[in-house]
J.: 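Sharing a structure below in structure tokens format, with a few things to ask.
Starting from 1, each residue takes its place in the sequence as its number.
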Amino acid sequence: MKRNWMKFVAVGALAAGLVFGQVNHRHHKMMQSLNLTDVQKQQAKTIFQQSRQSVQPVAQELKQNREALASAVKANDTAAIEKLSATQGQLRGRMMAARAEAMAKVYQILTPEQRAKAEQMRQTVKSRMAQRHNGVG
């Protein structure tokens, strides 16, 4: 059990790092695919920078919580594990909300054609995720 928790904590930390690293790549790819104008690119860049700055304290809190959770796992402190896991979920929720709010702001600067393309891209990703979940592909 203890070994599984350590794996869980390690994978969670790695995944969080990858998510933060991939966000910029996804934004760049999205901007290219939607063929944004230079003005739209700058607006989107500003939105994402502001979002990143606003969640920096939450990201730091998330990191500290992961470290505390890892310590609780090592100590087999089930009460702390429960509490820290719940906090981890709340912090991740705040990060997700901030990303969604940034994407909503970017969506507002898109033309109707770009919005249609963005929806098409979203459906493609959704379909690929469903295929992976079902073991296809």
Side-chain angles (χ1 to χ4, degrees):
M1 174 88 171
K2 191 173 184 180
R3 178 180 263 183
N4 288 339
W5 271 102
M6 287 303 296
K7 285 180 185 177
F8 172 75
V9 171
V11 169
L14 177 63
L18 290 174
V19 166
F20 287 119
Q22 289 178 349
V23 168
N24 284 339
H25 175 71
R26 282 193 316 229
H27 291 166
H28 180 70
K29 187 174 180 178
M30 176 195 68
M31 287 190 271
Q32 281 184 324
S33 296
L34 293 177
N35 197 26
L36 300 184
T37 67
D38 289 340
V39 171
Q40 287 174 313
K41 287 177 188 176
Q42 185 55 50
Q43 289 173 322
K45 184 178 177 181
T46 300
I47 291 166
F48 292 134
Q49 284 175 337
Q50 289 172 344
S51 177
R52 201 169 23 259
Q53 288 173 349
S54 73
V55 298
Q56 191 60 35
V58 179
Q60 183 60 34
E61 198 175 340
L62 195 58
K63 179 182 176 188
Q64 291 170 348
N65 183 272
R66 276 193 308 270
E67 291 168 358
L69 182 57
S71 295
V73 168
K74 290 176 187 175
N76 195 26
D77 184 346
T78 55
I81 289 169
E82 289 292 324
K83 181 180 178 202
L84 292 165
S85 295
T87 300
Q88 187 81 354
Q90 292 168 349
L91 293 169
R92 286 183 182 194
R94 288 171 52 192
M95 295 289 286
M96 185 181 292
R99 282 193 295 271
E101 289 170 9
M103 289 304 295
K105 289 177 183 176
V106 170
Y107 189 78
Q108 298 308 306
I109 67 171
L110 300 178
T111 65
E113 294 81 16
Q114 290 168 327
R115 288 179 182 182
K117 175 77 173 177
E119 179 59 24
Q120 180 183 32
M121 291 167 56
R122 190 183 77 75
Q123 290 297 328
T124 299
V125 169
K126 184 178 176 182
S127 174
R128 286 182 186 160
M129 289 177 67
Q131 288 175 349
R132 284 185 190 158
H133 180 71
N134 293 326
V136 179

J.: Taking side chain as C-beta onward, heavy atoms only, is Arg128 less than 4.5 Å from Thr124?
T.: yes

J.: Please list, chain by chain and in numerical order, all residues satisfying side-chain contact (heavy atoms from CB on, under 4.5 Å) with Ala80, sequence neighbours excluded.
T.: Ala72, Asp77, Leu84

J.: Who are the side-chain contact (heavy atoms from CB on, under 4.5 Å) partners of Ser71, not counting sequence neighbours?
T.: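 In terms of side-chain contact (heavy atoms from CB on, under 4.5 Å), with neighbours along the sequence ignored, Ser71 is linked to no residue.
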
J.: Hey, what do you get for OG1 (Thr37) to CD (Gln42), rounding to the nearest 0.5 Å?
T.: 10.5 Å

J.: Cluster question for you: counting only ILVMFWY and a side-chain heavy-atom cut-off of under 4.5 Å, with indirect links fine, are Phe48 and Met121 together?
T.: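 Cluster IDs for Phe48 and Met121 match.
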
J.: Tell me every residue that passes side chain to side chain donor-acceptor pair (under 3.5 Å) with Ser54, counting only those two or more places apart in sequence or in another chain.
T.: none

J.: Heavy-atom distance under 4.5 Å between the side chains of Arg66 and Leu62, does that happen here?
T.: yes

J.: Just to verify, what does Glu61 make a side chain to side chain donor-acceptor pair (under 3.5 Å) with, not counting sequence neighbours?
T.: none

J.: To the nearest 0.5 Å, tell me how far Gln88 CD sits from Gln90 CD.
T.: 10.5 Å

J.: For a quick test of reading the model, state the closest non-hydrogen atom pair linking Arg94 to Val58 and the distance between them.
T.: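 Scanning both residues completely, I find the closest heavy atoms to be NH2-CG2, 3.2 Å.
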
J.: With a cut-off of 3.5 Å and sequence neighbours excluded, list every side-chain donor-acceptor pair involving residues 102-114.
T.:
{"from": "Thr111", "atom 1": "OG1", "to": "Glu113", "atom 2": "OE1", "distance (Å)": "3.4"}
{"from": "Thr111", "atom 1": "OG1", "to": "Gln114", "atom 2": "N", "distance (Å)": "3.1"}
{"from": "Thr111", "atom 1": "OG1", "to": "Gln114", "atom 2": "OE1", "distance (Å)": "3.3"}
{"from": "Gln114", "atom 1": "OE1", "to": "Gln40", "atom 2": "NE2", "distance (Å)": "2.7"}
{"from": "Gln114", "atom 1": "OE1", "to": "Thr111", "atom 2": "N", "distance (Å)": "2.8"}
{"from": "Gln114", "atom 1": "NE2", "to": "Leu34", "atom 2": "O", "distance (Å)": "3.3"}
{"from": "Gln114", "atom 1": "NE2", "to": "Asn35", "atom 2": "O", "distance (Å)": "3.4"}
{"from": "Gln114", "atom 1": "NE2", "to": "Gln40", "atom 2": "OE1", "distance (Å)": "3.0"}

J.: Check side-chain contact (heavy atoms from CB on, under 4.5 Å) between Gln49 and all other residues, then give those that pass, not counting sequence neighbours.
T.: Lys45, Arg52

J.: Going by side chain to side chain donor-acceptor pair (under 3.5 Å), name the residues that satisfy it together with Thr87, two or more places apart in sequence or in a different chain.
T.: none

J.: Any chance you could measure Ile81, atom CD1, to Lys83, atom NZ, to the nearest 0.5 Å?
T.: 13.5 Å

J.: Sequence neighbours left out, what passes side chain to side chain donor-acceptor pair (under 3.5 Å) with Glu119? Give chain and number order.
T.: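 Side chain to side chain donor-acceptor pair (under 3.5 Å) check on Glu119 returns Arg122, Gln123.
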
J.: Could you tell me whether the side chain of Met95 reaches within less than 4.5 Å of the side chain of Leu91, counting heavy atoms only?
T.: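 Result no, sub-4.5 Å side-chain heavy-atom pair not found.
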
